[in-house]
Protein chains: 2
Amino acid sequence: MKARQAEPQRRFERFERACRGAGAKLTHQRAVIFRELARTSDHPDAETIYRRARKKIPTLSLDTVYRTLWLFNDLGLITTLGPPRARARFDANTSPHHHFLCTRCGAAQDFYSRQLDDLEVPDEVKAMGDIESVRVEARGLCLRCRERRKTG
Amino acid sequence: MKARQAEPQRRFERFERACRGAGAKLTHQRAVIFRELARTSDHPDAETIYRRARKKIPTLSLDTVYRTLWLFNDLGLITTLGPPRARARFDANTSPHHHFLCTRCGAAQDFYSRQLDDLEVPDEVKAMGDIESVRVEARGLCLRCRERRKTG
DNA sequence: TTAGGTGCAAATTCTTTGCACCCTG
DNA sequence: CAGGGTGCAAAGAATTTGCACCTAA
């Protein structure tokens, strides 16, 4: 686990390539923000990243952090926890089920699978706390958005 | 799939029991909001539920919807998509991995499992769109929060 | 009756935008 | 040097809170 996380350099090179490939400039801010996110595994929010990055760039502004993070997200360099562009979303279905989330529009669909309901997680995870539920989250472009991409 | 969702009555009874059990009053607003959420599987946000519930109770206010939803969440009657009390959270780890989320404090931890990386989802899901990733999301009380619950 | 619940309005918190200046390519 | 990027300040969303009245138990 430690070993897998110790690849900041590799990630940074990937970041450079992605920026160049997309014609996005490689600014100091972007580099610092990316490194700050790549060095941790605690899934920080924008405010937290802002606080940390300011130690390197005291003049950095929070809105730049937001813009930069969503750019990275669009470039496929990072992802978000939970539904994309999240605000709180609720689910009254308390029976075991799983989710498909559209990365473009955020739409969610339930799906069912006996096999997935009984998934075993590693002991390592059981040691993180008292597990209440285990669900599968599939992400991708939903049919409607795939259609739209072709059209508009 | 249809069959499993067609249990609004059962859900509603569960809702009544949970309210009574917790000493929470069974108000008209709560009943309507719960039913509105239980009847759908589209994982609406608070605003959407508000719009729908207003057809039944035109004087309903948005803040009541919020209060009610979080109450239901605390009673274990509903859950949220993604991290609890969500604001956007970011992840620069693009290698296959999975998440443990604390339902109390929202903390996230990564975990790894070759076996879970290769999870197969039902064909039904592949028909929902172009799947980009499949991850496992385990939820529960993290060690720190479990400790706190005992103490304070 | 009465404690908890609701609606309203105002306050917060979180995120996005417009614009003038700056810097990478 | 040109066009995208940044910082600032202000706007806009989303969510929460204080308070007086209302209602289920």
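Computed from a prediction, not measured in an experiment: that's the story for all the values here. Convention: sequence-line order gives letters A, B, ...; per-chain numbering from 1.
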Report summary line: With sugar-phosphate taken as primed atoms, P, OP1 and OP2 and all else as base, the protein-contact string of nucleotides 18-25 of chain C at under 4.0 Å (heavy atoms; B, S, -) is B-----BS
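- In this entry the distance linking CG of A:L62 with P of C:dT13 reads 14 Å, nearest Å.
- Between the side chains of A:H43 and B:D110, at least one donor N or O sits under 3.5 Å from an acceptor N or O.
- Considering all non-hydrogen atoms of both residues, A:A53 and A:V32 come closest at CB-CG1, 4.0 Å.
- Of the candidate nucleotides D:dT16, D:dT6, C:dG7, C:dG7 has the atom lying nearest to any side-chain atom of B:S61.
- A salt bridge links B:E120 with B:K126: the distance from a Lys NZ or Arg NE/NH1/NH2 to an Asp or Glu carboxylate oxygen falls below 4.0 Å.
- Using a 30° and 60° split on the angle between ring planes, A:F12 and A:F15 fall in the tilted class, from 30° to 60°.
- Residue A:Y66 has no polar side-chain atom (N or O) positioned under 4.0 Å from OP1 or OP2 of C:dT16.
- In this entry the distance linking CG of B:L71 with C1' of D:dA24 reads 15 Å, nearest Å.
- Taking each heavy atom of B:A18 and B:L77 in turn, the nearest pair found is CB-CD2, 3.7 Å.
- Distance, B:D74 CG to C:dG5 P: 12 Å, rounded to whole Å.
- A salt bridge is defined here as a Lys NZ or Arg NE, NH1 or NH2 lying under 4.0 Å from an Asp or Glu carboxylate O, and A:R52 with A:D42 meets this definition.
- Closest of all the heavy-atom pairs between A:F100 and B:V125 is CD1-CG1, 4.2 Å.
- Rotation axes derived from the C1' atoms of the five outermost pairs at either end of the helix from C:dT1-D:dA25 to C:dG25-D:dC1 lie 50° apart, to the nearest 10°.
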Report task. Would you check, one step at a time, whether the test side chain to side chain donor-acceptor pair (under 3.5 Å) holds for A:N93 with A:Y112? Result -> CA-CA 12 Å; A:N93 185 352; A:Y112 298 89; 2.8 Å; yes
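- Across the protein-nucleic acid pair, B:Q29 atom CD and C:dG4 atom P stand 17 Å apart, rounded to whole Å.
- At least one test fails for A:R11 against the ring of A:F34: distance under 6.0 Å to the centre or angle within 45° of the axis.
- Atom-to-atom, CG of A:N73 to C1' of C:dT15 comes out at 15 Å; the value is rounded to the nearest Å.
- B:E137 has a carboxylate O that lies under 4.0 Å from a charged side-chain N of B:R139, or vice versa, which qualifies the two as a salt bridge.
- Contacts with DNA chain C (heavy atom under 4.0 Å) in residues 43-52 of chain A: none are found.
- Residues B:D118 and B:R114 are not paired through a salt bridge, judged by the lack of any N-O separation under 4.0 Å between the basic side chain and the carboxylate.
- Taking only side-chain nitrogens and oxygens, A:W70 never comes nearer than 4.0 Å to OP1 or OP2 of C:dT15.
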